[in-house]
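To start, the structure itself, in C-alpha cells.
Hydrogens, waters and symmetry mates are skipped; everything else that's a heavy atom, side chains included, is used.
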Amino acid sequence: MISLNESKKNNAQGSFEETQIDTGFLILTYKNDLSDSQYIAKEIHRDYIQFHFCIKGTGKFSFNQGNYVLDIHEENSLLLYNPKRELPINLNLEPNSWMVSILISIKKFHSLFSTEAGYITFLSDENIDKKYYKDGLISPSMAIVLNQLINFGLNSSIKGLYFKAKAYELLSLYFNRSEEADIEQCPFLVDEANVIKIRKAKDIIISRMAEPPTLIELAEEIGLNLKKLKEGFKQIYGDSVYSFLFDYKMEVARKLLEAGGNNVNEVGLKVGYSTSSHFIAAFKKKYGTTPKKYVMSLK
C-alpha cells in the first residue's frame, strides 16, 4: 500500500519528493543530477492509476522481479493500470534525468472523469477490470506544468495548494484531445515516414526559434505539402506549429530568466524578439506576469 505521508529525500544533486494533494491522489517528483543512476522503489496498490512523465533523460521501470522492463525517454509519458495485480514502482533513473509521476486511485479518478468515460477507454464498463498501458509524447503545455512541479520555488506553506492545481491542470492537458483529430484512428499517422517528417519539422523550428522558417518554407524543407504539415503537426503535438513554437520559446525564456545570466532584453533576443516590449507582452500573455516581476518572485 502506498504511503500517504509527504516524504522528501535530498542530496547535493538529486532529490525525490512525495506529496499528497488529496485522499488517493499523490505526486512524486524525481530529480537525478548525479553522474550515477538512482533507484526508487515504492509499493503501489492495484487500485491506483499511474501516470509517469519523463521531462529529461531516461528511466527504466522493471516489473515481475525484473523479467519485464519498460523504458521511458525524454518528452514521453506512460500510463499504467492493472486492477488485477500490484504494479509497484521499481524505477532506475539514469544520470541527469528528471521525472514526475501522478498516482491516483480509480475511485478518485472516476469522480473527476465519470462523465467522460465514453472516450477514456479504461473507464468504459467493458474495460473497467482490464489492465491498461499507454505511452505518448509530452506536449509543450504539459512540459511547462511538469517543469513548474519539479522546480517548485514558492513558499512551502502553499505547496499543497499549488501542486493540487498543477496536478489537475496536467491531467486536463493529458486527456485533452482535438475534436478534429483522433491520433489513434488517424490514417495519416499510420505512415511512419510522415511522422518522421513532422518530427523533423519540430526539430527545425526549435533549432531556429529566433528566426523560424515560414510554414511554406518548412513544408518544402521536410518534403510534405502545407496541408499535411498543418494536420500532422496538430495530430502529433496537439497544437499548431506556431502555437507550439510560442510555448517552447516562452519556456526557454523562463529558464534563461531563472538562470540569471541574461537581462530581459537579452533573453528576448535569444528567443527571437527584436524589441523588449514585444517580448514582455508575449511573456505576460503566457505567464500572466512580466519577465521582471517573474525574476523578482524567484528571490
Side-chain angles (χ1 to χ4, degrees), residues 2-3 5-19 26-44 50-80 87-103 135-140 142-154 156 159 162-163 166-167 170 199 202-203 206-207 209 247-262 266-267 270-271 294-295 298-299:
I2 60 181
S3 167
N5 295 318
E6 181 172 342
S7 65
K8 180 174 181 178
K9 297 178 182 177
N10 284 310
N11 55 38
Q13 293 174 295
S15 68
F16 162 67
E17 293 190 39
E18 173 186 318
T19 306
L26 297 173
I27 293 181
L28 310 179
T29 59
Y30 323 86
K31 195 171 183 179
N32 182 16
D33 293 328
L34 300 165
S35 57
D36 298 319
S37 60
Q38 287 188 325
Y39 177 75
I40 297 103
K42 186 168 184 60
E43 294 299 317
I44 307 292
Q50 303 179 32
F51 298 85
H52 302 290
F53 303 92
C54 186
I55 306 168
K56 174 183 173 183
T58 304
K60 292 181 181 291
F61 289 97
S62 61
F63 303 94
N64 192 23
Q65 297 180 330
N67 292 319
Y68 183 61
V69 176
L70 278 177
D71 291 336
I72 182 167
H73 299 286
E74 188 167 320
E75 298 183 357
N76 280 265
S77 65
L78 278 175
L79 187 163
L80 304 172
L87 291 177
I89 291 176
N90 289 289
L91 170 64
N92 195 63
L93 196 61
E94 297 298 321
N96 302 309
S97 298
W98 298 354
M99 279 188 56
V100 172
S101 299
I102 289 183
L103 310 176
D135 59 5
L137 294 170
I138 293 173
S139 71
M142 290 164 64
I144 290 169
V145 177
L146 290 164
N147 275 284
Q148 289 170 336
L149 283 168
I150 209 159
N151 291 313
F152 174 77
L154 301 176
S156 59
K159 181 181 178 182
Y162 185 82
F163 269 47
K166 290 299 171 183
L170 186 58
R199 288 178 176 158
K202 182 204 78 168
D203 292 339
I206 285 175
S207 66
M209 66 177 173
D247 282 346
Y248 182 84
K249 287 164 72 170
M250 289 302 100
E251 177 65 5
V252 170
R254 185 182 67 79
K255 289 180 178 179
L256 287 171
L257 290 168
E258 287 182 356
N262 301 274
E266 290 169 338
V267 170
K270 284 179 181 290
V271 296
Y294 179 75
V295 172
L298 300 174
K299 297 178 180 178

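Here the CZ-CG distance, from Phe16 to Leu91, works out to 9.5 Å after rounding to the nearest 0.5 Å. With values rounded to the nearest 0.5 angstrom, Ile72 atom CD1 is found 12.0 Å from Lys60 atom NZ. The distance from atom NE2 of His73 to atom CG of Asp135, rounded to the nearest 0.5 Å, is 10.0 Å. Between the CD1 atom in Ile27 and the CG atom in Leu170 there is a gap of 7.5 Å [rounded to 0.5 Å]. One distance of note links CD1 of Ile138 with CD1 of Ile55; it measures 6.5 Å at 0.5 Å rounding. Of the inter-residue distances, the one linking Ser101 atom OG with Phe53 atom CZ reads 8.5 Å to the nearest 0.5 angstrom.
Taking the six-membered ring where the residue is Trp, Phe61 and His52 present tilted rings, their angle falling between 30° and 60°.
Under the side chain to side chain contact (heavy atoms under 4.5 Å, CB included) rule, Trp98 has a single partner from Asn32, Leu93, Leu146, Asp33, which is Asp33.
Shortest non-hydrogen contact noted between Pro88 and Glu43 is CB-OE1, 4.1 Å. When every heavy atom of Leu87 is checked against every heavy atom of Gln50, the shortest pair comes out as O-NE2, 2.7 Å. Taking every heavy atom of both residues into account, Ile144 and Asp247 meet most closely at CD1-O, 4.1 Å. The two residues Ala253 and Val271 come nearest to each other via the heavy atoms N-CG1, 4.1 Å. Between Leu149 and Thr29, the shortest heavy-atom contact is O-CG2, 4.3 Å.
Every residue meeting the side chain to side chain contact (heavy atoms under 4.5 Å, CB included) condition with Ile206, not counting sequence neighbours, appears here in chain and number order: Lys202, Phe244, Tyr248. In this structure, the side-chain hydrogen bond (donor to acceptor under 3.5 Å, both in side chains) partners of Asn90, at least two apart in sequence or on a different chain, are Tyr39.
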### Query
Under the side chain to side chain contact (heavy atoms under 4.5 Å, CB included) criterion, do Leu28 and Ile89 qualify, and how do the steps go?
CA-CA 11 Å; Leu28 310 179; Ile89 291 176; 3.8 Å; yes
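Salt bridge Arg254/Glu258: present, at least one basic N to carboxylate O contact under 4.0 Å.
Listed by first and then second residue, the salt bridge (Lys or Arg N to Asp or Glu O under 4.0 Å) pairs that reach into residues 91-103 come to none, sequence neighbours excluded.
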